[in-house]
Visitor: 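Please see the structure below; I have some questions.
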Amino acid sequence: MKITIGFLSVLCFPFVATAQVDEEEYHATETLDEIIIDTTVNRVDLKSTEMSVNQMTAEEIKKIPVVLGETDVLKTLLLLPGVTNAGEGASGFNVRGGGSDQNLILLDQATVYGSSHLYGFFSVFNNDVVKNLKLYKGGIPATYGSRASSVLEINQRNGDFQNFKSTGGIGLLTSRLAIEGPIIKDKMSFIAAGRGSYAHLFLKLTDLKSTAFFYDFNAKWSYIVRPNNEWHASLYFGRDVFRFNKLFDNDFGNTVISLHQKHKLHSDITGKAYLNFTDYQYNLKLPFVGFDWSSGIKTYDVKYLLQHYFSPEITLKYGVQSQFYRFNPGHFRPLKNDSSFNEFQIAPKYAWENAYFIDANHEINNKLTFSYGMRHSFFHQLGYETINLYQDHQPVLYNHDLNYYEKAKPIGTKHYQSGETIASFHNFEPRFAVSYLTGEDHSVKASYSKTTQYIHLISNTAAATPLDIWTPSGKYIQPQIVHQYAAGFFQNFADDTYSLEIESYFKHGKNRLDYIDGAELIGNPAIEQVLLHGKTKSYGIEFLFRKNKGNFTGWVAYTWAKSLQQTAGRTPQEMGINHGKWYRTPHDRTHDLTVVAMYQISPKWHIGGNFTLQSGRPVTYPVGKYQFMDMTINDYNHRNNYSLPSFHHLDLSFTYTPHNPNKKWQREWVFSVYNVYNRKNAASINFRQNENNMQQTEAVKLSVFGIVPSVSYNFKF
């Protein structure tokens, strides 16, 4: 469907034009007579060079059933080709074989580090305020950097400029409320939304003195000074709180602030300025041990972007970006005066990342379009810090007699003053894409991108956890560099009712962190002593077939993929990790099939469902065991040498909307069932000795979810 809005209407209602500028970024000049708004979002843009990109609106996300009845942005991503995670209840996501730390997550262009609530049960993004999302899996534009795998861009919508409105919902475990409206009609608006969970209230009915809940708050202020000058300010604040029987207290969360100004410098040049701040904090108290531990990361980000319509055939985007990081690796404090622990602060780390970039979109003719760009990034690890010095610059030694890696002893230290450069890096990051129309309704595309990531997540788990620590590249840690090549075929047919996307990709990278056996990661003031650098490669083919129109819509997505890592010895005498051989990464999923279907039965009833089938996640199992004195010791040969059983489940949802357009109070009931046939998917498998036969070893499967029914009541007025 297409809607035409006259230019006079845009002048009278500038907020309409504003919303569309963000979405379509049209070329508006003084001679422009009308704006074409294309609402067929899922239609493939055959002429555009953009590929390896998935977009979804808040309305699409809302119709997809998820666990515990809560609409979830990140869980919806897992239904797209090339996107997986570590399993049920796991936080983060993996794109085309990359790690969860290699995804740049932006909320109104501000970085988000912790993307999940309750260790992965919910995402931090409230769908009531989300306008749309865009996931770049490859062919990442030069305007984005800092991560090696993907970019997830989530935009919050503006508040209504004319009328006050409210939306909300009440579910079994969470409730939410959003209000919006004009501050100055047609000029200034606001939207504010809050969410909270209350599952911990049920724990009070038990003997457990425990609690587990989250809450978050979103707000956005928008001011249209005039049609060519806009200001927007966004805020996100969220916290998770866990307490278990006075054994530990745990809280963590994000504070995100974004200020955005958009203005027109010339009829053909639009400028966008961003000022962002992110603060991610993690706190853990262990009364039975007697200490309080906190860590976190803060980011200050400034970005200025110019969009220049150079000619009808050429569009340029260019600008600069600067980010300052403050890392807190860990601060230990005793809980009591007589504690055996002394207060200890691992030295904070500081870094400064800068970049300038340019992107060009060049339409050669009606069939051939190129886009090409360059990002030049600079990174400096800065003092104030004292750095260990090692023999031959090697903080990790290889014990040739015992064939394992061990920590090297420092031979001295060097102190760097505040702001003094400890280590510097710079990288040219070219980007290239081409599109060629092979017919009226189909095209072929190809892309190449080089991406550099200067900050690293220190973690030895398959899924991201709040306990993980971020650290910068520096004297002993090199930046991650990834090259990605992709090619695909794209088609719309039956008047855009259906679309087909087929893509293949190959990625290879270097300086992916690996860990020596027995590595201590948390609270380690010399983390470089347990780190090694490895290589990565991943490749695959993705299929996405969509039905975009009609009462029945949905898609089928299938991915065949491999994700591998190699940490070879630094010399021919060293064994390396896994004997120097390539091994499957924790996010390797060979087969991934998803079917999503949505059917509007009547104006009152809507049904949705999705089915997921994946290969089991790689795990490391022992291949034997032996006795040493009174102990039974497991024997391992290769890393990630086995797989968990296949993962699959079916989810259904039914939405009932009493249809009464004359009433201001609109409501709906959502009934959903996660894992309809009660599949006990394995989150992990552990081994133990059989209680009846100590000579026999048995495998024990841990499952997170069985069947989970839920109901929620949503309203709007």
Side-chain angles (χ1 to χ4, degrees), residues 3-37 106-110 129-132 134 141 143-144 153-164 180-192 218-236 256-277 300-312 315-322 356-359 361:
I3 306 171
T4 302
I5 300 179
F7 189 56
L8 291 177
S9 299
V10 174
L11 293 177
C12 295
F13 300 97
F15 58 91
V16 175
T18 301
Q20 196 57 34
V21 169
D22 291 337
E23 218 166 89
E24 302 295 334
E25 295 183 340
Y26 63 89
H27 178 192
T29 69
E30 294 179 356
T31 60
L32 184 66
D33 293 324
E34 61 183 22
I35 303 166
I36 305 299
I37 303 176
L106 299 174
L107 180 63
D108 286 343
Q109 297 300 307
V129 297
V130 170
K131 181 172 71 174
N132 54 36
K134 194 171 189 178
T143 52
Y144 298 104
E153 186 181 59
I154 298 176
N155 298 307
Q156 296 187 108
R157 61 186 180 87
N158 299 335
D160 196 290
F161 283 87
Q162 289 189 309
N163 301 300
F164 287 95
E180 60 182 299
I183 301 174
I184 301 175
K185 204 166 186 178
D186 296 341
K187 296 284 289 183
M188 186 184 298
S189 74
F190 78 95
I191 184 170
N218 295 74
K220 185 174 183 179
W221 167 84
S222 302
Y223 178 39
I224 300 177
V225 182
R226 52 184 179 272
N228 296 330
N229 190 345
E230 307 171 18
W231 288 83
H232 303 274
S234 300
L235 167 68
Y236 169 83
V256 179
I257 301 172
S258 175
L259 180 63
H260 167 209
Q261 198 256 346
K262 183 166 61 176
H263 52 280
K264 191 171 283 293
L265 299 174
H266 184 267
S267 61
D268 293 326
I269 303 177
T270 299
K272 297 181 180 180
Y274 301 93
L275 180 62
N276 304 316
F277 168 74
Y300 305 83
D301 179 23
V302 178
K303 184 176 182 179
Y304 189 73
L305 170 68
L306 288 171
Q307 185 164 313
H308 187 174
Y309 298 95
F310 194 77
S311 72
T315 302
L316 301 178
K317 287 184 180 180
Y318 46 90
V320 294
Q321 185 174 10
S322 181
Y356 62 86
F357 52 84
I358 182 169
D359 252 331
N361 191 77

Visitor: Within this structure, what is the CD-NZ distance for the pair Glu230 and Lys262, rounded to the nearest 0.5 Å?
Guide: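 One finds 4.5 Å between CD of Glu230 and NZ of Lys262.
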Visitor: Are any side-chain N or O atoms of Lys187 and backbone N or O atoms of Val225, one a donor and one an acceptor, separated by less than 3.5 Å?
Guide: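 Yes; at least one donor-acceptor contact below 3.5 Å.
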Visitor: What is the minimum heavy-atom distance between Phe164 and Pro182, and which atoms define it?
Guide: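 Reported closest heavy-atom pair: CZ-O, 3.3 Å.
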Visitor: Testing Asn218, Leu235, Val130 for side chain to side chain contact (heavy atoms under 4.5 Å, CB included) with Gln156, which one passes?
Guide: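 Answer after filtering Asn218, Leu235, Val130: Asn218.
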Visitor: In Å, rounded to the nearest 0.5 Å, how long is the span from CZ of Phe161 to CD1 of Ile184?
Guide: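 That separation rounds to 10.5 Å.
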Visitor: Sort out for me which residue in Tyr274, Trp231, Tyr304 forms a ring pair (Phe, Tyr, Trp, His ring centres under 6.0 Å) with His260.
Guide: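 Looking at Tyr274, Trp231, Tyr304, the match for His260 under the ring pair (Phe, Tyr, Trp, His ring centres under 6.0 Å) is Tyr274.
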Visitor: Nearest 0.5 Å, please: how far is NZ in Lys220 from CD1 in Ile191?
Guide: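 Going from the CD1 atom of Ile191 to the NZ atom of Lys220 covers 9.0 Å.
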Visitor: Would you compute the distance between atom NE2 of His232 and atom CH2 of Trp221 and round it to the nearest 0.5 angstrom?
Guide: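 Here the interatomic distance stands at 9.0 Å.
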Visitor: List the atom of Gln162, the atom of Lys185, and the distance in Å for their closest heavy-atom pair.
Guide: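 Looks like O-CE, 3.4 Å.
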Visitor: Kindly compute the distance separating CD1 (Ile269) from OH (Tyr309), expressed to the nearest 0.5 Å.
Guide: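 One finds 11.5 Å between CD1 of Ile269 and OH of Tyr309.
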Visitor: Provide the closest heavy-atom pair for Glu180 versus Asp160 in the form atom of the first, atom of the second, distance.
Guide: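 Glu180 and Asp160 have their closest heavy atoms at OE1-N, 2.9 Å.
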Visitor: Going by atom types alone, do Asn229 and Gln261 pair a side-chain donor with an acceptor below 3.5 Å?
Guide: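 A donor-acceptor contact under 3.5 Å links the two side chains.
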Visitor: List the atom of Gln109, the atom of Asn276, and the distance in Å for their closest heavy-atom pair.
Guide: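 Nearest heavy atoms, Gln109 then Asn276: O-ND2, 3.0 Å.
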Visitor: Do Leu275 and Tyr300 come within less than 4.5 Å of each other through their side chains, counting heavy atoms only?
Guide: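 No, too far: nothing below the 4.5 Å cut-off.
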Visitor: Could you tell me which non-hydrogen atom of Ile257 sits nearest to which non-hydrogen atom of Ala110, and how far apart they are?
Guide: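 Shortest heavy-atom separation between Ile257 and Ala110 comes out as O-CB, 4.3 Å.
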Visitor: Considering all heavy atoms of both residues, which atom of Val320 and which atom of Phe357 are nearest to each other, and what is their separation?
Guide: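 Scanning both residues, the minimum pair turns out to be N-CE2, 3.7 Å.
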Visitor: Below 30° counts as parallel, above 60° as perpendicular, anything between as tilted: where do the rings of His308 and Phe310 land?
Guide: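 Rings of His308 and Phe310: perpendicular, over 60°.
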Visitor: Which distance, rounded to the nearest 0.5 Å, do you find between the CD1 of Ile358 and the NZ of Lys317?
Guide: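 One finds 12.5 Å between CD1 of Ile358 and NZ of Lys317.
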Visitor: With sequence neighbours excluded, what pairs up with Pro141 under the side-chain contact (heavy atoms from CB on, under 4.5 Å) test?
Guide: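 If we apply the side-chain contact (heavy atoms from CB on, under 4.5 Å) test to Pro141, skipping adjacent residues, the hits are Tyr136, Thr143, Tyr144, Asp359.
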Visitor: Does the side chain of Asp108 come under 3.5 Å of the side chain of Ser258 through a donor N or O and an acceptor N or O?
Guide: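 On atom types as modelled, these side chains do not qualify, holding no pair under 3.5 Å.
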